Structures are given as structure tokens and as C-alpha cells.
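This is the structure I want to talk about, given as C-alpha cells.
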Number of protein chains: 2
Amino acid sequence: MKAQSPADAAGGQAGERPADLALRSIVHAFGQLERVMQPYFARFGITGSQWGVLRTLQRSEAAGEAGLRLTDLSDRLLIRPPSVTGVVDRLERLGVVVRDSVPGDLRAKRVTLTRKGRELVARVLAAHGPQVETIVAGLNAGEQADLHRLLGKLTNHLEGLLSKQEAK
Amino acid sequence: MKAQSPADAAGGQAGERPADLALRSIVHAFGQLERVMQPYFARFGITGSQWGVLRTLQRSEAAGEAGLRLTDLSDRLLIRPPSVTGVVDRLERLGVVVRDSVPGDLRAKRVTLTRKGRELVARVLAAHGPQVETIVAGLNAGEQADLHRLLGKLTNHLEGLLSKQEAK
DNA sequence: GAGGTTTGTTTAGCATCCTAATAATATACG
DNA sequence: CGTATATTATTAGGATGCTAAACAAACCTC
């Protein structure tokens, strides 16, 4: 064994199998997506993660809910509570959200948009539709739907794997 | 659903258009993918990013190249040089790579796998094929190929957008 | 109702990524 | 040749995400 025989056999060409290609294309696409979106959000003085919180709060408000607890945001954004704490901290510092108390539960805190926050959300939303269309313009409507279907199927499968992991 | 007029018109349903769905499914899929992969890499004492460097070095080595400069890694991994510095720092601390000098260029440093690093790569590669297959098992081979094709098309489009951004 | 468990949030500490700025070397051009 | 520019790597500082652990409050069980 003087050369890279085991490595080569196992991995030298592994990157070319359909499974590897599919996986890498997800990682790659996501990376590029982030790079395109980041300057877009920066125009509004926020980050993509912050927009996730703002959009979620706005939708909740539109649905008539009185703010969301940190835990609710964690569930909807699929990020852990400590991460939510950090993002909300920065949004609060920006003055676009506030934490108030939840009547009947002294542990919980409810996050709501401020007037300034609502104005920001409106400003972003006004630009959002065209921006999203620009981003996915590389695919026609049918391809967009196909992509959504395939990724949905994959995500369902991954969620199954995750449940098993947690169960262990 | 009669009230919330501005919010509803601008954003309430925006998440349901094919373009939005496609975009969100990428973000969602990537997030789940990370969650599944992270414990897998943790078994080997590394992170996904660190594996990216190790795999790239191993491929380079298999191609007969004498190590890669930090800049080469930056190009291949699509991350900025300062990020490469950090990942390589930690890999060096783990003893799986080393930085040596590049003959003829005192600025550059070449990163190569150590013996320990090569052993680690071999160990990961041995488990890698089955793991990748498990992950994408939610899709059949044709779907995997479709996904790769669609994401490739999207990524090409995004790269076009990025060039324009940089050109500004 | 007391004690144990669960839930909601935060803190601490780590890894990743970024941009901007620094330092050092290489290259190119006048 | 000598200065101006470009390249290579790093540092500094910020944002995001994670896990583990701490804490308080709520719930549940006996």
C-alpha cells in the first residue's frame, strides 16, 4: 500500500455518484443563495436570520396572534432557543422588536414588532416579491415546483432520520 | 381573513408562490441536512467544514498535487480566505494537517495531510458512501439526478447574479 | 401540599462564516 | 531600478448556529 489505494477506492470517484452530486448541489446552491441574499438584506440594515424573525412575527400578527414567545420562534424558524435569544437581542437593539411578558406565565417572554419594526417589514416586503423572482428566475415555474417537490420529499426523509437520531 | 389588508396583500400569502416555496425548501432542506450530518461527523471528532478541507486535500493528493495553498482551498470550498485560516488552524491543532512553506513564494503556505490526517480521511471515507446513500434514500436515482440538474441550473443563474453584484 | 419533573429563557463557550484592515511578498511598469 | 499594484495570509470584530448547563416558574403526582 504505497499509494492512496483505500482512499482512492472509497472516495476518489465517490463525488461523482448521483447521491453525492445531489447532496453537494444542495450545499452549493444554499451557499450561493446566501451570498446573493446577504447584500439584499444588508440594504435594509438586517441579516437573513433577522428577516426570518421579522417575517414570522409579521405573519403571526396578521393572523391575529398577540406576539410570539421565544420558543414559538424557535419552533417556526427551526433554530434552537439560545440562537433565538441572540437574534432577538440584536433586533431589540435595533428597536424593531420588543420583549414583553406573557400574562399567566412568568417564565415566558413574548416578542412583538414595534412601529419601527412594522415599517421595516413593510419596506422589505415591498421589495421582496421581485427579489425572490429574480433569484429563482433561472428556473421556470414548472421547474420551481419540481424543485420544491423533490426537496420536500428529501426533507421529509431527513426528518425521519432525525427522529430516529433523537430517539436513540 | 378579511382584515389585515396591507400585511395580507404584501406578505400574508407571499410564502405560497412557487418561487417562495422553492426558495424556502432549499433553506429548509439545507438546515435539516446539516442537522443530520453534524452528529455523523462528530463521530470522527470533526465538523462538516473540516471534512470539506480534508476531502479536498485528499483529492488533491490523489491527483498528484503537493498540497494546496490557503487560497486554493478558498477557491475550491467557496469560502473566503479568513474562514479557511480558521478551519485550517483547528485542523492543525488536531494534528491532521500541517502548513509548510511554498518554495518560491514566501507569502504562501501549503496545507498537507499528516499521516494521522490520511488515516482519518480513510476512516471517514469508509463510512461515507453508505451515509450519503442513507441521506438521499428519500429520493430514487432519477429524482436525485433531477434534483442535481435543477439545483445546478439554479446555481448557474445565481453565479450570474453574483458576477453582476461584484461588477458594481 | 411537598417533591420531582417539565418548560421557557438565558448564559457560557465553541465553530463557522463574513467584511475590513494589516502585513509581507511578488510582480509589473515606467 | 524603484515605485505602484496585486496577491497571500492573517487579525479584528460581528453575526449565526450549536450543545451543555443554570435558573425560575409551572405542572404533576402522590
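Every value quoted in this text rests on a predicted model; they were computed, and no experiment measured them. Each chain gets a letter, A, B and so on, in the order its sequence line appears, and its residues count up from 1.
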query = How do A/T47 and A/G104 order along DNA chain D: which one's closest nucleotide is nearer the 5' end?
reply = A/T47
ask   = Is B/R123 salt-bridged to B/E119, cutoff N-O under 4.0 Å?
value = no
query = So, is B/T85 close to the D/dT11 phosphate, meaning a side-chain N or O under 4.0 Å from OP1 or OP2?
reply = no
request  = Send over the distance from A/E92 CD to C/dT10 C1', rounded to a whole Å.
outcome  = 13 Å
remark   = Taken to the nearest whole Å, CG/B/D89 to C1'/D/dT11 is 11 Å
message = How many whole angstroms separate atom CD of B/E34 from atom C1' of C/dA15?
response = 11 Å
message = I'd like to compare against my own output: the B/S/- annotation of nucleotides 17-23 of chain D with a strict under-4.0 Å heavy-atom distance to protein.
response = BBBB---
request  = Provide, to the nearest angstrom, the distance between the CG atom belonging to A/L73 and the P atom belonging to C/dG8.
outcome  = 13 Å
message = With a 3.5 Å distance limit and no angle check, can you tell me whether B/R110 reaches the backbone of B/R99 through a side-chain donor-acceptor pair?
response = no
key: Note: A/E65-A/R59 ion pair, threshold 4.0 Å (strictly below)   = no
task = On DNA chain D, check which nucleotide each of A/D105 and A/Q50 is closest to and give me the residue with the more 5' one.
result = A/Q50
ask   = Contact class for B/R90 (heavy atom, under 4.0 Å): base, sugar-phosphate, or nothing?
value = base
ask   = Can you find a donor-acceptor N/O pair under 3.5 angstrom joining the side chain of B/R107 to the base of D/dT7?
value = yes
B/L154 and B/I26, any side-chain heavy atoms less than 4.5 Å apart = yes
request  = Please report, rounded to the nearest Å, how far the C1' atom of D/dA15 is from the CG atom of A/L94.
outcome  = 12 Å
request  = Would you name the heavy atoms of A/Q144 and A/V136 that are closest together and state the gap between them?
outcome  = NE2-O, 3.3 Å
note = Taken to the nearest whole Å, NZ/A/K109 to C1'/D/dA25 is 12 Å
request  = May I ask you to evaluate whether B/T71 reaches the phosphate of D/dT7, defined as a side-chain N or O under 4.0 Å from OP1 or OP2?
outcome  = no
key: Rounded distance (Å) that lies between atom P of C/dT6 and atom CG of A/L106   = 21 Å
inquiry  = Taking A/E143 first and then B/R149, would you say they form a salt bridge - that is, a charged N and a carboxylate O separated by under 4.0 Å?
reply    = yes
ask   = Are A/R99 and C/dT9 close enough that a side-chain N or O sits under 4.0 Å from OP1 or OP2?
value = no
inquiry  = Classify the ring geometry of B/F30 against A/F30: parallel below 30°, tilted from 30° to 60°, perpendicular beyond 60°.
reply    = parallel
Rounded distance (Å) that lies between atom P of C/dT9 and atom CG of A/D100 = 12 Å
